[in-house]
Structure formats: structure tokens, C-alpha cells
**Q** 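Handing you a structure now.
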Amino acid sequence: MAHAHKVKRYSGLMDWLTTVDHKKIGILYLIAGGFFFLVGGLEALLIRIQLWKPLNDFVAAHTYNELLTMHGTTMIFLAAMPIIFALMNAIVPLQIGARDVAFPFVNAIGFWTFFAGGVLLNVSWFAGGAPDAGWTSYAPLATNTFSGGHGVDYYVIGLQIAGIGTLVGGINFLATIINMRAPGMSFMRMPMFTWTAFITSALILFAFPALTVGLVAMMFDRLFGGNFFEPTNGGNAVLWEHIFWIFGHPEVYILILPAFGVISEVISTFSRKRLFGYSSMVFATVLIGFLGFMVWAHHMFTTGLGPVANALFSIATMLIAVPTGIKIFNWLFTMWGGSIKFTTANLFAIGFVPTFVMGGVTGVMLAAAPADFQYHDSYFVVAHFHYVIVGGLILGLFSGLYYWWPKMFGRVLHEGLGKLCFWTFFIGFHLTFFVQHFLGLMGMPRRVWTYLDGQGFNNLNMISTVGAFLMGVGTIVFLLNVVITSFKPRNATNDPWEDGRTLEWSIPSPAPEYNFAQTPLVRGYDAFWKEKMEGKKEMLPAEPLGSIHMPSPSILPLIMAVGLFISGLGFMYGKGDYGDGFKAFLFNNHIVAIIGLAITLACMFLRSVIDDHGFHIEPDEITGDKGVKA
Amino acid sequence: MSTLRPQGPVAEEQFGLMKLTITIMVIVILIVFVIAGYVIIRFRRRPGDKTIPVQVEGNHKLEIIWTVIPIVLLIIIGIPTVNTVFGLAKDHTKDPNALQVKVTAHQYWWEFEYPNLGVKTAQELLVPNDVIISVEAKTADVLHSFWVPSLFGKIDTNPGGNVNTMYFEAPKTGVYLGKCAELCGPSHSLMDFKVKVVDRASFDRWVAAMKNPVAPPQDQEVADLLNKQCLSCHAIGSNGAAFPNLMGIGSRQTVAGILVNTDQPKYENEGSVEQNLEKWIADPQAVKPGTLMPKVDLTQDQVKAIAEYLAGLKLDY
């Protein structure tokens, strides 16, 4: 093999630790996100056990607050976001006919910093107490005065580190989608999932810095005696609410848009029909993304912003229903006249549509500010956002995982177990959350550790707990399916669903390291379908077979994340009292923190000065690969 | 307590808006369900079906229909929403006919002050049924939210001089359960309070009774104990203190907002006033984790004596 440069290619564990391949990073995101999903799910089950009967004392009040905080934070930042990134990494470059993302090295940094932040956040359980001020971490409850200990420190620092990962990931996908589309793939020919990934990345770019600013300010309050949110010293607690929700509301759309994309792909594929109203879908996605930034104060109707703000934000919020409605009807009419096949992926997608509508309409109801005075911070809100996040996003993610599993791993998940997974999860979900609407209307506030007997809450709470366990069963069935499938031969064809429409189905499953031996020429929307309809089996190549330039693997992203992890711990414990020993010297002078930062900066320095030209895969290796496959 | 059985005009107006939106939204849901149901039955793939359906790009007429109809529905919801927003934001703090109440939330109890009447109480807000009650809400520590589901929606209590105002009316006499609706610490769920609505005459009697001095315990030993152990933080009557005023605690419906006083206890948290007071004084942390009330060094007999005295602090109104 005629390598232009000598580059070490690792295997085994080192391969995974050093990889910059978007497909492998996608799998890493999936494993880590899946792990945190299980952790967050376990926390949810503990919450539901505590609430299954009145005046239960299964967990202590303080532990309960830690559980509800960590459940929310874990599910949003450490489970949902990474699994979205898993799908985006695994699929977007394939859908646009690219060989990798724009910045493979940065992609690896994104994963490892997310992972370091997530681990740091969960270390808090073993270090004297997890954060306990809610995932919204409102001041003054989250300030030193009312939350001593290090719980909330783990929140502010863990999320900052994880946030770096998300932000660079978002930037990376923007650059990738703008610059690396195959010839002929104009914006208006991009698959819907790529479109939603694009808009989500743009939202990340604008929303996450707001969170970072808030977290930095809170970090200064907690660690260095700042007073941004300390009312007793002239700080402003409402300021935190604004900063948090200026990030927090777009975050909701960051989460749901990719699910919209998945649903669009799956429904269209399994109806054997082109997506109905593609251009209005794109328009609706962009509009939702835009409006998503205009509505944050609807989380704060009861804060006392005054009638003008409440009225404006009410109307702005209701407007979002219009583009969302367009999407719902477009999906329904994609199926209309189609030939619908009920695979597991499609069951999740079809189940998504009515479920998400139910979450959407309660959203409009919550948007009416005076009525929200009643709904706000009650179980009605809990029901609403679980309907959109679980009933929307999680069903969408399951759908996407079943759909793209063969493309990621080369094996089709077992359909029978898949359907069992769908029905248990779907029924369990509705059982858990539908009744919570009524609990809220009856006056049960959210985030309550327990409730009194004789208020009519007992039965509904018990139903809800039963449902939660059913969802747990569904998740276990999914895991079983994954394990069983992984022992099966890796025999998925290029287009295992036979009705694949987009570019990822034109290449082997799983995709080879370089994705496309020859960059494909895109001649229309649903590029692969178009070729198939003209009787071709493959895409037209846009270039001759040649040597392919690949980025080299690197261990630096992992080390950078470890550096940030150490530094985070160092800052958190900088104020502790360790007597006058060596430990006090290390921590109280922030030496640990500085060492951590130095590690990260040194990696950045190394990355800048070492010339790395990557390596090439030569045509003979590519055709050799092909020979093996055939 | 439910928001679905409003007992006052504010809650009724909010309930009206809820009914309107729920009705419209149920219709929307039904439409989607019917179309979805029809589509998945009618267009399911028969085994062995290899036909390729017509690849429709879209349909302008349909797309305009499902853009315009939602907009119309939103206008129908939007107009009453804006109306109600401004209606409920009316400021009654300068209204001479309204009863002014200052609500201050604490971890984990509620302080109610009637600035024009010179009365301060805790846990139970007593109001007459014939006037508008104008509320100024703030917090002494972290965020809380003031909510009585059957009378009015919630308003947050903010720190640092950021006072929120609202008003409500309660034409029907009775007792309404209120809750804290913003996570405020371990005992957030135990921060219940009551709104007692009485007629005008009864209210006036109560105000007068609140101003009457209270006789100290007859047993000098108990009186000393009370002064030393309780009144170092609490007040009984008009003198101010940063902790719940114990005036009339014997006639309240709950102890610490969560132990329900009743002679026919049915549940774990119920008991007679005396039992509840004993339970509470003996170990406050066991009842309300995180409360600032310390476990005071008292013998069982001393707890009993103090509970007996406090249970006797009843108001006649």
C-alpha cells in the first residue's frame, strides 16, 4: 500500500478512544447517551415509586429533590442530546454524500467533552450529594446560601464542560451541511433529517452560549463570591430565569426538530411515497426554529413580568402551533394514498403523530397566560412536556434507531421484539403521563416529594407508577433486542428496507470508513429513489475512483476532556478546608484546576504545532473491500 | 381544591379560558385521530404488494387550508387570552375598598400581614367574602409560588424588593387549600396553607380578637419555658418576629401547615390539635425536613404542657 504519510491506525480499544470517524463517534454517542438514558430512567422509576402512594417515605425529601434534578438534567443534556448527536453523526454525512464531517477532530472533542461533563455531573452522587435545585436551578435556591455543599457546583461545571461538546458539535454540523454536500445536492434537495439537523445546529449555536453565560455567572456566584443572582447583595434572581429560558426554550426545539426529521424520513420510506409538501416542511422547520427564540418568557408567566409581556409572549407562543400543524398534516398526507408497511420503526413514527399532537395542544393551552396561572408548575406541565419530549422526541429516537440500526451496525434489529418494545413503551407512556394532566388540574404541584391522603391524588398516581414500570419493560426489551441482534451475522444489505430513498441506502451497511468510494451525483430530491425508479441499482458517481484522503486518529480529544474534568474538580473544591497539608496547598491555590487547564491547553498547542496531513486510502484497497463484500 | 371547580370570579375567568381552549383542542385532536385512523387502515400495505404509489409533491389548496384554519382557531383563543391577561392584571393595591394583604413566603411557611389593620398571622389567611382582596407577594428567602387552585392561579414570590401584585375575590365562605408551587427545598411539598373565607361580621370579630392580649400559661414553670424556648423566635399576638406568629394557633386547621387537626383522624398526618403540636414540637425535622425550627431540648412532659397551652390559644370569631 502506497501511503503518502505514515499514520498509525489503531485497533481494539485504542481505535475507539482515538477515532475521528463520524460513524464511530456516532456509536460512542449512542452508547454514552444510552447509558445516561438508563441512569435517568432509573431515577424516574425511583421518583414514581416514591409517589405511588400518599405520604410515602421510600426516599428522603432531600434525596427526592436530587433525583428530580438529576432526572431532568440527565435526560435532557446527557441522554436526549447525545442520542440526537448519535443519529446526526451516523447519518447526516451519509445523507449528503460526504466522506466525513467538516472537522473530524473537533467532532471527537465534542464527544469527549460531553462525556467528561456527564461523568462529572454524576460523580456528584458519590461525592456528598447531587444537585438539588431542579434542572432549571433557579436562584436563590441554587445559591450558596440555600444550597450549601457541592451539588449545584457539579451542575454548573458539569454542564459547562458538556456544553462545550454540544456547541462545537453544532458548529461542526453547520459547517458540514453548508460545505460538504455532494454535487447536485442543493439545499432544497436535502433530506428532511439533514434539514432538521441543520436547523437544530443553528439553534445550538445561538442558544448554548446563553446557557454558558448563565452558568459562568452562577459559577462566579458560587465559587468566587460573585453576586449576579444574590438578591441580598443586589443581584437579581429573575435574571437567571431569563437567561436560563432564553437557552431553555430553544433547547426544546433543538430536541424536537431532529425527531421531526426522523419521522419525516421513516413515514415517507414506509409509505413508499415522497414526503408530502417538502418545501412547506422546510419552511415550517425554519419558522419553528426562528419563533423558538421569541417565546422564552412563557415559562415565566407567573414571575410577574406584567400584562404586556404576558400578552405578547402568549400570542407568540400560540403562533408556533401553525408551522407545527403544517407538519402534522403533511405527515398524515404523506401516508394518504401510500402503501404503509408497519415495521417497528414505522410504528414508532405513526405512534408519534397523535401523541405529539396531544403534547402540542396542551402547549397551546399553556400559552394562554391567565389559564397558565393555574397550569403553571403543576402536574399538567409535567404531563405536557413529557408528551412532547418522551411522546415526541423519544418515540422519534426509537424510530430512528430501529430505522438506521442496519446502517450503523450492519444488522437489522429483530422485528418481533421491536414490536413488543413499541407496544409496552407506548402504552406505558400514555398510562404514565395521560393521568398527570388531571393530577395537575386537580391541584397537584410538580416537584413534590409526597402528597397528603384524601385529596383524590392516590389512584391516578398509582396508575402513573404502573405506566412508568411498563416503559421500563419496553426499554429492557429494546436492550435485549440489541444484545440478541449483536450475536446474529452481520448481513444487512445496502437497502435492507427495500424502500430506501436517500443516499445512505446506496452504500453498504455498515458504511465503509470512507463512506462513498466515489462521491455520488445527486439529480433530485430523494436521490437514491430517483435512480431506483429509473431502474438503476447505484448512484451515478460524480468523480473517478481515486485515492481518498482521510483524517488521522488522535488521542488528544480524550486528553483534553480529561484535562477539563480535572480542572472542574479543582475549581469546585478550591474553597474547601483541608487543614495545612499538601492537599490544602493543591486545592486552595487552585493548583489542581490550573494543572487541568494546562493539560487541555497543552493538547491544543500540540494539535496546532504538529503537522498532520492525514493519510490516503488507495483505490486498490477500496476495490479490495468491494471484492470482499461481493 | 381543584381548578376545575372554581369558587371565585378570578378562578372562574381562568376556568372559562381553560374550557374554551380545551374544547378547541379536543376538536383538533379528534380531527387528527380520525384522519390518522382512516389513513393507517385504508392505506396499509397488503402482503406482496409491490406497486409504487403516486409520488405526490404536495397540494397548495390543502396546505393553505391547514395553515389558515389553525390561524383562525388561534385568533379565537388569542382575543379572550389578551383580554383576560389585562383584566387580571388590574392593580388594586391603591384601592381603598379592597382588603390589602401582604404575603411573605418563607422556607416553609406563609406569613400574612394586614397592613391597614395592624394584624399579622401565619399559615391561614382569613378574608371576608364581600370585598376584593389585593395581594402583594414577596419572599424572605428563595422563590415560592402562591396558589389556591379553587380561588386563583399562582403568582411567584420574588426576592429582593421585587413585589408581585394580584387580586382575588371569594364570595363563598369556606376553607380553601393553598399550595406552594415553586420548588423551594426539601419540604416544598409540605408547604400547604389555608384561605378561610368568612362573612364580614365574623372577620371583624377575628381582627378584634387578634389584637386582644393573650394570657400566659398559669403554671409559672410552663410560662418560663414558653418564654425561653418558644418566644425567643415566635410571637403570640401583635409583636413582630421573623417566625410564624402563634396567635390563635389552637383554632387553625393544621399544625405547621401539614398536620391536619381533626378529632376523627383517618390518615397518618391527622390528629387532634394537641397531638399534632406535640408531634411537631418534639421533632420538627421529622415532620418537615429542612425546616428552620430546631428540635428544642424539652422533656416529654414539657412538650405536652406547651402543646396543651398552645392548643388552648383559640380565637373566637
Side-chain angles (χ1 to χ4, degrees), chain A residues 55 60-62 65 134 138 140-141 146 231 237-238 272-274 276-277 280 302-304 307 310-311 314-315 318 321-322 325-326 328-329 332 335-341 350 353-354 357-358 361 364-365 368-371 373-374 376-377 441-443 445 447-454, chain B residues 1-4 14 17-18 21 25 28-29 32-33 35-36 39-40 43-45 49 51-58 63 66-67 70-71 74 77-78 81-82 84-86 88-89 142-143 145 149 153-156 158-160 162 164 179 181-184 186-189 267-269 289:
Chain A
L55 289 172
H62 184 251
N65 284 0
Y138 275 8
L141 187 60
F146 298 101
V238 176
R272 272 194 194 145
K273 248 187 91 203
R274 187 192 153 104
F276 192 91
S280 71
T302 65
T303 304
N310 281 3
S314 280
I315 299 300
M318 290 179 188
V322 177
I326 293 176
I328 298 285
F329 285 105
L332 290 177
M335 292 191 277
W336 190 291
S339 166
I340 306 170
K341 188 175 177 192
I350 291 172
V353 175
V357 169
M358 289 167 74
V361 296
V364 179
M365 290 165 64
F373 292 167
Q374 287 286 21
H376 186 82
D377 266 345
L441 294 177
M442 286 159 64
R447 293 170 165 174
V448 289
W449 162 59
T450 189
Y451 50 94
L452 297 187
D453 212 336
Chain B
M1 172 182 68
S2 172
T3 62
L4 304 176
Q14 289 164 343
L17 198 57
M18 285 159 69
T21 49
M25 291 308 147
V28 172
I29 288 178
V32 172
F33 276 28
I35 298 179
V39 165
I40 40 189
F43 298 107
R44 67 186 191 280
R45 188 180 303 175
D49 184 358
T51 53
I52 302 296
V54 191
Q55 303 292 307
V56 188
E57 283 193 23
E63 285 171 53
W66 64 60
T67 310
I71 292 178
L74 290 184
I77 300 174
T81 298
V82 173
T84 319
V85 167
F86 284 95
L88 294 182
V142 304
L143 299 183
S145 198
K154 49 199 84 61
I155 187 81
D156 290 0
N158 294 325
N162 185 345
N164 278 330
K179 294 203 168 271
E182 182 68 63
L183 181 67
C184 57
S187 283
H188 161 56
S189 52
Y267 307 119
E268 224 179 301
N269 63 316

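Worth saying up front: this structure is predicted, and the values here are computed from it rather than measured. Protein chains get the first letters and strands the later ones, always in sequence-line order, with residue 1 at the start of each.
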**Q** Measuring heavy-atom distances to chain A, does B/D156 have an atom under 4.5 Å in its side chain, in its backbone, in both, or in neither?
**A** both
**Q** With rounding to the nearest 0.5 Å, note down the distance linking CD1 in A/I350 to CZ in B/R44.
**A** 12.0 Å
**Q** Distance-only, no hydrogens or angles: does the B/K154 side chain make a donor-acceptor pair with backbone N or O of A/H376 under 3.5 Å?
**A** yes
**Q** Sort A/I328 into side chain, backbone, both or neither according to what part of it lies under 4.5 angstrom from a heavy atom of chain B.
**A** side chain
**Q** Most heavy-atom pairs under 4.5 angstrom with chain A, which of B/T84, B/N162, B/V28?
**A** B/T84
**Q** Over all heavy atoms of both residues, which pair between B/Q14 and A/P370 is shortest? Give the atoms and the distance, please.
**A** CG-O, 3.3 Å
**Q** Answer with side chain, backbone, both or neither: which region of B/E182 has an atom nearer than 4.5 Å to a non-hydrogen atom of chain A?
**A** both
**Q** Please classify the contact of B/I40 with chain A as side chain, backbone, both or neither, using a heavy-atom distance under 4.5 Å.
**A** both
**Q** Output the distance between atom OG (A/S314) and atom CD1 (B/I77), rounded to the nearest 0.5 Å.
**A** 11.0 Å
**Q** Name the region of A/I315, side chain, backbone, both or neither, that has any atom closer than 4.5 Å to a heavy atom of chain B.
**A** side chain
**Q** Nearest 0.5 Å please: distance from the OG1 atom of B/T21 over to the CE atom of A/M365.
**A** 4.5 Å
**Q** Need one label for A/A369: side chain, backbone, both or neither, based on atoms under 4.5 Å from any heavy atom in chain B.
**A** both
**Q** Can you tell which part of A/F329 gets under 4.5 Å to a heavy atom of chain B, answering side chain, backbone, both or neither?
**A** both
**Q** Provide the closest heavy-atom pair for B/P186 versus A/A61 in the form atom of the first, atom of the second, distance.
**A** O-CB, 3.4 Å
**Q** For B/V85 and A/A311, work out which heavy atoms get closest and say how close.
**A** CG1-N, 4.1 Å
**Q** Could you go through the side chain to side chain contact (heavy atoms under 4.5 Å, CB included) check for B/R45 and A/R272 one step at a time?
**A** CA-CA 10 Å; B/R45 188 180 303 175; A/R272 272 194 194 145; 3.3 Å; yes
**Q** Which heavy atom of B/P70 sits nearest to which heavy atom of A/V322, and what is that distance?
**A** CB-CG2, 4.4 Å
**Q** Is B/N158 in contact with chain A via its backbone, its side chain, both, or neither, using a 4.5 Å heavy-atom distance?
**A** side chain
**Q** Side chain, backbone, both or neither: which part of B/F86 has an atom under 4.5 Å from a heavy atom of chain A?
**A** both
**Q** Are B/T3 and A/Q374 close enough, and set up right, to give a side-chain hydrogen bond (donor to acceptor under 3.5 Å, both in side chains), and what steps lead you there?
**A** CA-CA 7 Å; B/T3 62; A/Q374 287 286 21; 5.2 Å; no
**Q** For A/G443 and B/P149, work out which heavy atoms get closest and say how close.
**A** CA-CG, 4.2 Å
**Q** Please name all residues satisfying ring-ring contact (aromatic ring centres under 6.0 Å, His included) with B/F43, sequence neighbours left out, ordered by chain then number.
**A** A/W336
**Q** To the closest 0.5 Å, what do you measure between CG (A/L55) and CD (B/E268)?
**A** 5.0 Å
**Q** Under 4.5 Å, counting heavy-atom pairs only, tell me which of B/A89, B/A36, B/P159 racks up the most with chain A.
**A** B/P159
**Q** Could you check B/V56 against A/R274 for side chain to side chain contact (heavy atoms under 4.5 Å, CB included), going step by step and ending with a plain yes or no?
**A** CA-CA 6 Å; B/V56 188; A/R274 187 192 153 104; over 6 Å; no
**Q** For each of B/C184, B/G160, B/S145, B/S187, tally heavy-atom pairs with chain A at distances under 4.5 Å, and name the one with the top tally.
**A** B/C184
**Q** Among A/A60, A/G454, A/P231, A/S339, which has the most heavy-atom pairs under 4.5 Å with chain B?
**A** A/S339
**Q** Applying side chain to side chain contact (heavy atoms under 4.5 Å, CB included), run through B/I52 and A/K273 and close with a yes or a no.
**A** CA-CA 8 Å; B/I52 302 296; A/K273 248 187 91 203; over 6 Å; no
**Q** Kindly determine whether B/L143 and A/T303 satisfy side chain to side chain contact (heavy atoms under 4.5 Å, CB included), including the steps that lead there.
**A** CA-CA 10 Å; B/L143 299 183; A/T303 304; over 6 Å; no
**Q** With respect to chain A, which residue among B/V82, B/V32, B/L17, B/L183 yields the maximal number of heavy-atom pairs within a distance under 4.5 Å?
**A** B/L183
**Q** Working to the nearest 0.5 angstrom, can you tell me the gap between A/T302 OG1 and B/I155 CD1?
**A** 6.5 Å
**Q** Name the option with the most non-hydrogen atom pairs under 4.5 Å to chain B; the candidates are A/V353, A/I326, A/V357.
**A** A/I326
**Q** Which atoms of A/L141 are under 4.5 Å from chain B, going by heavy atoms: the side chain, the backbone, both sets, or neither?
**A** both
**Q** Where on A/N65 is there a heavy atom nearer than 4.5 Å to chain B: the side chain, the backbone, both, or neither?
**A** side chain
**Q** Against chain B, label A/F276 side chain, backbone, both or neither, depending on which of its atoms sit under 4.5 Å from a heavy atom there.
**A** both
